[in-house]
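Below you'll find the structure, written out as structure tokens, and then a few comments.
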Amino acid sequence: MIKIALLGAAGQIGTPLSLLCKASDLFDEISLYDVVHVPGIATDLNHIDTRARVSGHLPEDSGLKKALSGADFVVVTAGIARKPGMTRDDLFRVKIRPPPNSRSATNAGIIRDIFTEIAATCPQAMCCVVTNPVNSTLPVATEVLKKAGVFSPTHIFGVTTLDVVRASTFAAHALGDNVDPKDFKIPVIGGHSGATILPLYSQAQPPVDLDDETLATVINRVQFGGDEIVKSKQGAGSATTCMAYAGFRFVKALLAGKRGESITEEAFVYLPGIPGGKDIAADLGVDYFAVKIQLGKAGATKALPIGKISEHETKLLEVALKDLKANIATGLSFMA
């Protein structure tokens with residue numbers, strides 16, 4: 001029996017993600033949690049002819065606890081999305097109307113409150129943080145779990161899969177018609193906002209044959225592709241369906257690892273707590289960083305070295321680390 005809890009399931013990421021999970025037939029139970037609408041979404045999904053039973057929970061009557069009870073996987077998309085002129089970092093302290101029975105009015109507070117309940121209800125679940133800014137919200141989540149004495153660094157991930165998806169997609173777009181993005185494997189390291197995102201085209205398999213100017217444009221598009229969507233939606237939201245797709249891809253990778261398959265995906269993690277990660281953290285000077293992670297039955301089984309990168313990527317890495325250190329400090333100071 002496999003249960004997944006989707007928190008923020010009435011949002012523009014959570015709803016398509018819940019559909020992908022239900023349609024996949026990979027789960028026995030799917031629990032949805034949000035401040036509105038999820039009982040109706042659950043009823044709707046239960047009309048689909050796959051085996052998972054879907055339940056919807058609201059904040060009243062200990063709804064979050066009920067949603068999390070017995071969960072093997074938790075995906076957190078709760079919070080607010082970007083609007084034109086906002087960066088992901090702006091979301092950390094933007095005030096919103098607090099949900100009923102919650103003291104949270106920011107994405108930072110929402111993550112704190114959710115992980116307080118995770119620590120009490122399902123501390124061994126594998127947790128995926130999608131709520132932006134991931135560079136700051138993952139440190140908030142880990143500090144909550146640390147303070148509760150249940151922190152398992154191999155079980156918690158900041159989801160950066162969308163950056164990987166964009167890296168192959170935008171390279172294929174630049175290469176011309178009839179090029180399949182799935183033919184390319186391009187590592188993306190760093191963080192999950194702007195210049196902290198570093199696609200390593202020097203390690204692309206197969207090689208991406210683009211001139212320097214075009215490649216620079218592609219890299220910039222990977223880093224700031226979210227802005228493209230925010231502008232296009234004219235204030236109606238940010239990356240939602242593509243983020244749901246990327247989040248589901250990462251969840252499938254976790255499931256494959258749990259089944260004993262050998263699989264690798266990038267993720268933003270607490271490096272010192274993962275085999276192979278301590279040396280990477282010492283070399284970079286940051287504890288949180290996105291690298292290739294081997295996944296297995298126990299979650300993250302190994303953080304893989306960055307490997308050789310180009311001179312231009314080395315310069316981009318310096319910029320990424322500077323911004324990332326500030327983002328991480330923001331999350332840690334919130335919890336302090």
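Small disclaimer: the values here were computed from a predicted structure and weren't measured.
Put simply, CG on Leu255 and OG on Ser24 are 8.0 Å apart, with the number rounded to the nearest 0.5 Å. Between Glu143 atom CD and Leu138 atom CG the span is 10.0 Å, to the nearest 0.5 Å. Interatomic distance, Ile328 CD1 to Leu332 CG, rounded to the nearest 0.5 Å: 7.5 Å. Note that SG of Cys21 is 11.5 Å distant from CD1 of Ile2, once rounded to the nearest 0.5 Å. Note: Ser232 OG to Asp227 CG = 12.0 Å, rounded to the nearest 0.5 Å. Taking CD1 of Ile48 as the reference point, atom NZ of Lys22 lies at 6.5 Å (rounded to 0.5 Å).
The side-chain heavy atoms of Val35 and Leu58, taken from C-beta on, include no pair separated by under 4.5 Å. Residues Ile111 and Val76 meet the side-chain proximity criterion, which asks for heavy atoms closer than 4.5 Å. With a 4.5 Å cut-off on side-chain heavy atoms, Val140 and Phe115 do not count as touching. Lys65 has its side chain within reach of Glu117: a pair of non-hydrogen atoms, C-beta onward, lies under 4.5 Å apart. With a 4.5 Å cut-off on side-chain heavy atoms, Thr241 and Gln12 do not count as touching. Between Ile118 and Cys127 there is a side-chain heavy-atom pair separated by less than 4.5 Å. At a threshold of 4.5 Å between non-hydrogen side-chain atoms, the residues Val74 and Cys122 count as touching. For the pair Leu32/Leu45, a side-chain contact is recorded, criterion being any heavy-atom separation below 4.5 Å from C-beta on.
Take Thr217 and apply the side-chain hydrogen bond (donor to acceptor under 3.5 Å, both in side chains) test, not counting sequence neighbours, and it matches no residue.
The cationic group of Lys66 does not satisfy the cation-pi geometry with Tyr33, failing either the under 6.0 Å distance to the six-membered ring centre or the 45° limit from the ring axis.
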| request: Kindly determine whether Met335 and Ser333 satisfy side chain to side chain contact (heavy atoms under 4.5 Å, CB included), including the steps that lead there. | output: CA-CA 5 Å; Met335 287 303 298; Ser333 64; over 6 Å; no
request  = Show your reasoning for whether side chain to side chain contact (heavy atoms under 4.5 Å, CB included) applies to Val75 and Thr77.
outcome  = CA-CA 6 Å; Val75 183; Thr77 63; 4.2 Å; yes
Evaluate the side chain to side chain contact (heavy atoms under 4.5 Å, CB included) criterion for residues Leu295 and Ser262: first the C-alpha distance (whole Å), next the side-chain angles of each, then the deciding distance (0.1 Å), finally the verdict. CA-CA 7 Å; Leu295 301 172; Ser262 177; over 6 Å; no
Practice item. Determine, step by step, whether Leu215 and Tyr201 satisfy the side chain to side chain contact (heavy atoms under 4.5 Å, CB included) criterion, reporting the C-alpha distance in whole Å, the side-chain angles of both residues, the deciding distance to 0.1 Å, and the verdict. Key: CA-CA 8 Å; Leu215 183 59; Tyr201 283 100; 3.6 Å; yes
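Transitive grouping of hydrophobic side chains (ILVMFWY, heavy atoms separated by less than 4.5 Å) keeps Ile229 and Ile219 in distinct clusters. Follow the hydrophobic side-chain contacts under 4.5 Å out from Val129 and you reach Leu20 in the same cluster. Tracing side-chain contacts under 4.5 Å through hydrophobic residues (I, L, V, M, F, W, Y), one reaches Val164 starting from Val179; they form part of the same cluster.
At a cut-off of 3.5 Å, with distance as the only test, no side-chain donor of Thr314 or His312 sits close to an acceptor on the other residue. In summary, the side chains of Lys147 and Thr116 do not present any donor paired with an acceptor at a separation below 3.5 Å, with no hydrogens or angles considered. For the 3.5 Å distance criterion, the side chains of Ser193 and Asn135 qualify, holding a donor opposite an acceptor. A donor and an acceptor atom, one from each side chain of Thr161 and Tyr245, are nowhere located under 3.5 Å apart. In this model, no donor atom of one side chain and acceptor atom of the other lie less than 3.5 Å apart for Thr264 and Gln294.
Formation of a donor-acceptor pair under 3.5 Å by the Gln205 side chain with backbone atoms of Ile186 is not found in this model. A donor-acceptor pair is defined here as one N or O able to donate and one able to accept, closer than 3.5 Å; no such pair exists between the side chain of His192 and the backbone of Val134. Remark: the backbone N or O of Gly190 is not paired with any side-chain donor or acceptor of Glu266 at under 3.5 angstrom.
Nearest approach of Ala167 to Val222, heavy atoms of both residues: CA-CG2, 3.7 Å. Scanning both residues, Ala71 and Ala125, for their nearest heavy atoms gives O-CB, 3.4 Å. The two residues Phe27 and Ile30 have their closest heavy-atom pair at CB-CG1, 4.1 Å. When all heavy atoms of Ile41 and Ala10 are compared, the pair lying nearest together is CD1-CA, 3.7 Å. Considering all non-hydrogen atoms of both residues, Thr196 and Asn327 come closest at CG2-OD1, 3.9 Å. Heavy atoms only, all atoms of each residue included: Ala298 and Thr154 are closest at O-OG1, 3.4 Å.
Partner of Val291 under the side chain to side chain contact (heavy atoms under 4.5 Å, CB included) criterion, out of Val188, Thr160, Leu304, Leu271: Leu271 alone.
The neighbour count for Asp211 CG, taken as heavy atoms of other residues, nucleotides or ligands under 6.0 Å away, is above 12. For Lys278, the NZ atom sits in a loose shell: 12 or fewer heavy atoms of surrounding residues, nucleotides or ligands are nearer than 6.0 Å. For NZ of Lys302, the number of neighbouring non-hydrogen atoms (other residues, nucleotides, ligands) closer than 6.0 Å is 12 at most.
Taking the charged nitrogens against the carboxylate oxygens, Asp28 and Arg53 have no contact shorter than 4.0 Å, which rules out a salt bridge. Between Glu228 and Arg221 there is a salt bridge, since at least one side-chain N of the basic residue sits less than 4.0 Å from a carboxylate O of the acidic one.
Residues Phe250 and Phe157 place their aromatic rings such that the two centres sit under 6.0 Å apart.
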